[in-house]
Protein chains: 4
Amino acid sequence: MEFADKQAIYLQIADKVCEFILSGEWSDNERIPSVREISVMMEVNPNTANRAYDYLQSMGVIFNKRGIGYFVAENGLEMTKQLKRSRFLEEDVPRFFRDMQLLGLNCSEVEQIFKKSNNNQ
Amino acid sequence: MEFADKQAIYLQIADKVCEFILSGEWSDNERIPSVREISVMMEVNPNTANRAYDYLQSMGVIFNKRGIGYFVAENGLEMTKQLKRSRFLEEDVPRFFRDMQLLGLNCSEVEQIFKKSNNNQ
Amino acid sequence: MEFADKQAIYLQIADKVCEFILSGEWSDNERIPSVREISVMMEVNPNTANRAYDYLQSMGVIFNKRGIGYFVAENGLEMTKQLKRSRFLEEDVPRFFRDMQLLGLNCSEVEQIFKKSNNNQ
Amino acid sequence: MEFADKQAIYLQIADKVCEFILSGEWSDNERIPSVREISVMMEVNPNTANRAYDYLQSMGVIFNKRGIGYFVAENGLEMTKQLKRSRFLEEDVPRFFRDMQLLGLNCSEVEQIFKKSNNNQ
DNA sequence: GTGGTCTAGACCACC
DNA sequence: GTGGTCTAGACCACA
């Protein structure tokens, strides 16, 4: 039934950072907004932004230079892709197909419904 | 029960109950395990099991007869299907396709990977 | 010259927890003090204690059960030993021998000095 | 046990300077690289290099002549040795033996491991 | 200017 | 009772 909790803000920020990296907007070794800057951009407390960066750093996606700022890791794009990919294939995909089966749907039906709803928007 | 999991335990239980209903294991109007029984089955605190049933009752999936026990609702299967279906199509599916795109995968690739991993199990 | 910074409090707490585990005081799967309890024991803000536990959890040394508390991980002792051991052998030991050499000391001299100073205490 | 924060850059520089002195590469009263030169060598901000020299000067390891440059102190080698020695014996050595004991290792084992890893390099 | 840490206090969901 | 998160504000070391 997927009664998903709303995600913590710091994880939402982390997620967005990952998307920027995945989309190529931020490249490997490139400097990213400072903690304070992103806290303004995202309209959250600097501590919360800091926590997001802390988390991403522990994941190896970004790193910081003392007194300078945060940077996308050397292999940040690859890192991010791997993290998201493994999570997607190991968690989201199996659940997706399981739910599909439970609901008595098949792949092409879902795809059609999805495309139709996209057109309506 | 996955205590370290992200999802609340009572929601994990509710999820399983729904699956039993969807899979036909528990039919409309059929009696389901008591709070105490299911708390033993799932190895959780009875309060937690109680909360799961509370939640399902509030959603109209099950109901109880005082002093007797809990039962799948008159239209429990339909109810469950609708809940899951709407959630699936409105939240899971869009996220699924979005992630797929971000990772540079397409539908058939994902399906292949999934089926392959299933065979290996 | 080893101008070491004083360590962050939350890391000092994490360190102490590791020592309790290494010394066998806290065994695998055993419950450890709650965040609030240890914050009182250590005389720090609960947030700081929480951060220490968070860190240890991310290292796989401890885990928590929702609403219940924190526990030493399944393989917590082994985990802790490995972490400490690798850090010791890869960082502390090389530096130790390098410093020893720079100071023109040898192993047995150092050991003697250490033992003598211990006796004096 | 990733408890070791990365050391401040200016302290890392100071450390290297001390090693040059201890190893005899730079002798008492000998001129050492200018702040600007060393900032280039170490690829750091000149301010940072300056801070390292400041620190070493305050410790009596080096001194400067206005408009000319920095020099190893009259008794720079002895000074450095003493500083390092006291720190080594009073802090590093006790910690070393304590960690060794916690990990269930003894002196000769550690020495063997260290030498073996050195040969492999 | 940068990040890092700590405190205080609050609210929440959960067991 | 438990942990998790967020805010606000402060101070520090560092570049």
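Just so it is clear: chains get the letters A, B, ... in the order the sequence lines come, proteins before strands, and each one is counted from 1.
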| message | Checking Asp15(B) against Leu11(B) for the side-chain contact (heavy atoms from CB on, under 4.5 Å) test, could you report, in this order, the C-alpha distance in whole Å, the side-chain angles of both residues, the deciding distance, and whether it holds? | response | CA-CA 6 Å; Asp15(B) 221 355; Leu11(B) 292 177; over 6 Å; no
| request: Can you sort out the partners of Tyr53(A) under ring pair (Phe, Tyr, Trp, His ring centres under 6.0 Å), two or more places apart, ordered by chain and number? | output: Tyr70(A)
| message | Regarding Asn50(C), tell me which of base, sugar-phosphate or nothing describes its non-hydrogen contacts under 4.0 Å with the strands shown. | response | base
| query | What residue pairs, at least two apart or across chains, pass salt bridge (Lys or Arg N to Asp or Glu O under 4.0 Å) with a residue in residues 52-73 of chain B? | reply | none
| task | Establish whether the base of dG1(F) is bridged to the side chain of Arg36(C) by a donor-acceptor pair shorter than 3.5 Å. | result | no
| said: By the 4.0 Å heavy-atom rule, please label Tyr53(C) as base, sugar-phosphate, or nothing. | reply: nothing
| query | Can you name the residues that form a ring pair (Phe, Tyr, Trp, His ring centres under 6.0 Å) with Phe96(D), not counting sequence neighbours? | reply | Phe88(C), Phe96(C)
| message | Applying salt bridge (Lys or Arg N to Asp or Glu O under 4.0 Å) as the test, list every pair that has at least one member in residues 28-45 of chain C; sequence neighbours left out. | response | none
| remark: Comparing nearest nucleotides in DNA chain F, the 5'-proximal residue of the pair Arg51(A), Gly67(A) is Arg51(A)
| task | Please figure out whether Gln57(A) or Val44(C) has its closest DNA chain E nucleotide nearer the 5' end. | result | Gln57(A)
| note | DNA chain E nearest-nucleotide lookup for Lys65(A) and Glu43(C): closer to the 5′ end is Lys65(A)
| field | Test side-chain contact (heavy atoms from CB on, under 4.5 Å) applied to Leu103(C) and Leu89(D), step by step | value | CA-CA 11 Å; Leu103(C) 290 167; Leu89(D) 292 176; over 6 Å; no
| said: What is the separation between atom CD on Gln12(B) and atom C1' on dA13(E), rounded to the nearest whole Å? | reply: 14 Å
| query | Rounded to the nearest Å, what distance is computed from the CD1 atom of residue Ile13(B) to the P atom of nucleotide dC15(E)? | reply | 8 Å
| Within this structure, what is the CD-to-P distance between Gln7(B) and dA13(E), rounded to whole angstrom? | 15 Å
| Just how far, in rounded Å, is P of dA15(F) from CD1 of Ile9(D)? | 4 Å
| Most 5' of Tyr10(D) and Pro33(C) on DNA chain F, judged by nearest nucleotide | Pro33(C)
| query | Want to know the stems of DNA chain F: at least 3 consecutive Watson-Crick or G-U pairs with distances under 3.5 Å, which are they? | reply | E:1-14 with F:1-14
| task | In whole angstrom, give the distance that lies between atom CG of Leu11(D) and atom C1' of dA13(F). | result | 10 Å
| message | Using a strict threshold of under 4.0 Å (side-chain N to carboxylate O), is an ion pair present between Lys16(A) and Glu25(A)? | response | no
| query | Crowded around Tyr55(A) OH? As in, over 12 foreign heavy atoms under 6.0 Å? | reply | no
| Within 6.0 Å of CD in Gln57(A), more than 12 heavy atoms from elsewhere | yes
| request: Starting at atom CE of Met42(C), determine the distance to atom C1' of dT7(E), rounded to an integer number of angstrom. | output: 18 Å
| message | Distance check needed: dC15(E) P versus Tyr55(B) OH, whole Å only. | response | 14 Å
| query | What is the distance, rounded to the nearest whole Å, between atom CZ of Arg66(C) and atom P of dG4(F)? | reply | 9 Å
| Hey, is the side chain of Thr48(A) poking within less than 4.0 Å of OP1 or OP2 on dC6(F), counting only N and O atoms? | no
So which protein nitrogen or oxygen atoms get under 3.5 Å of nucleotides 8-10 of chain F's nitrogens or oxygens?
from, atom 1, to, atom 2, distance (Å)
dA8(F), N7, Asn45(A), ND2, 3.2
dA8(F), N7, Asn47(A), ND2, 3.4
dA8(F), N6, Asn47(A), ND2, 2.6
dG9(F), O6, Asn47(A), ND2, 2.9

| task | Among Leu56(D), Val44(D), Asn47(D), Thr48(D), find the one that has a side-chain contact (heavy atoms from CB on, under 4.5 Å) with Tyr10(D). | result | Thr48(D)
